[in-house]
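Please read the structure below before turning to the comments.
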Amino acid sequence: MEDEDMTTKLDTVKLADGNEMPTVGFGTYLIDTQELMDSTIKTAYETGYRLFDTAQLYRNEDLLGDTLAKQSIPRDQIFITSKVAEISQGFDNAIASIDDSLKRLKTSYLDLVMVHWPVHDHFFETWKALEQLKKDGKVKSIGVANFELSHLELLKTQAEEMPVVNQIECHPYLSQKPLIEFDKENDIVTQAWSPLGRGVVLDDPMLKKMAAHHNVSVAQLVLRWHTTNGVTIIPKSKTPERIQENIQLDFDLTEDEIDMINIMNRNQRTGREPELVYELGKQYKLRKD
Ligand SMILES: NC(=O)c1ccc[n+]([C@@H]2O[C@H](COP(=O)([O-])OP(=O)(O)OC[C@H]3O[C@@H](n4cnc5c(N)ncnc54)[C@H](OP(=O)(O)O)[C@@H]3O)[C@@H](O)[C@H]2O)c1
């Protein structure tokens, strides 16, 4: 797929499998009560969000399923993403876990399912399970999260179909340029998780200056930087005004501004190092003793 194809529409991006995915989605990590899920999804939907990102690990698929059913949001108007947890990796486990996710989300299909983290054990079997789920029509698109270049290269050696999305931690302090380039060259859409660095980048003096110049918030500046770089985003907020502003990105940044943000990289993560999760098979920190 040509780069152009990925950006021809402002609000959606065409995936390598032909499906369309909204450029801006709503992250639901830590949205952990029914009340909060109801209010945030209502605001998000009314404001224009159509992609809702959950995961088995967030333990909120049932909350999201209840909210979507209660608010009678037509299924074909929204895009639901979930992710197979480390504990559910392996062929049979992954299939059974997605059957559970479908029940919790009260839907007959998911728009996108990802392997949440690469792990050494079950690396290929889990992917084969996703390929099977797609063939069975339970999942429209299949992708990965937290895959480094090496994991994608390894997957390529046995995959029948490559992931169409790679969801990775990405923000101005972890700009991930080489991986984003690799994704583009391989027809994989990059989706940034923690696109605001969980808030850590919002106090940066240079970003504040640039945002003031455009009369936008630092969050909007950072989110627009992502989308200009061809990266799709799933910001999370439980605050109505922030949910609204995070999808109002109709302003342009100059090439110089984009470059200035690109070079702020410090390789600073808020989450785990994927290579460590790959080795340990889980996200726990290494014990010091
Ligand atoms: N694949 C993975 O391994 C993985 C890992 C982590 C996250 N994710 C996904 O990515 C989504 C987003 O990442 P995230 O939740 O870690 O971090 P994030 O979206 O970068 O940041 C969320 C934080 O920023 C604040 N915030 C949001 N909008 C703001 C604004 N306009 N102005 C000021 N502050 C703002 C939020 O505060 P309030 O909520 O208090 O407003 C919250 O504290 C998650 O919800 C989840 O769906 C995926």
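All values derive from a computational prediction rather than experimental measurement. Both ligands and their constituent atoms are indexed starting at 1 by order of listing.
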Within 45° of the six-membered ring axis of Tyr173 and under 6.0 Å from that ring's centre, is NZ or CZ of Arg266 located there?
-> yes
Check step by step if side chain to side chain donor-acceptor pair (under 3.5 Å) holds for Glu61 and Thr54.
-> CA-CA 6 Å; Glu61 290 175 309; Thr54 181; 5.1 Å; no
Can a salt bridge be assigned to the pair Lys42 and Glu46 using a cut-off of 4.0 Å between side-chain N and carboxylate O?
-> yes
Please name the residue in the list Glu245, Glu241, Lys208 that meets the side chain to side chain donor-acceptor pair (under 3.5 Å) test with Ser217.
-> Glu245
Give the other cluster members for Tyr58, using side-chain heavy-atom distances under 4.5 Å between Ile, Leu, Val, Met, Phe, Trp and Tyr residues; answer none if it is isolated.
-> Tyr29, Leu30, Leu57
Test item: side-chain donor near acceptor, Thr67 and Asp38, under 3.5 Å | yes
Could you pull out every protein residue that has a heavy atom closer than 4.0 Å to ligand 1, ordered by chain and then number?
-> Gly27, Thr28, Tyr29, Asp53, Tyr58, Lys83, His116, Trp117, Ala145, Asn146, Gln167, Trp193, Ser194, Pro195, Leu196, Gly197, Arg198, Leu202, Ala219, Ile234, Pro235, Lys236, Ser237, Lys238, Thr239, Arg242, Glu245, Asn246
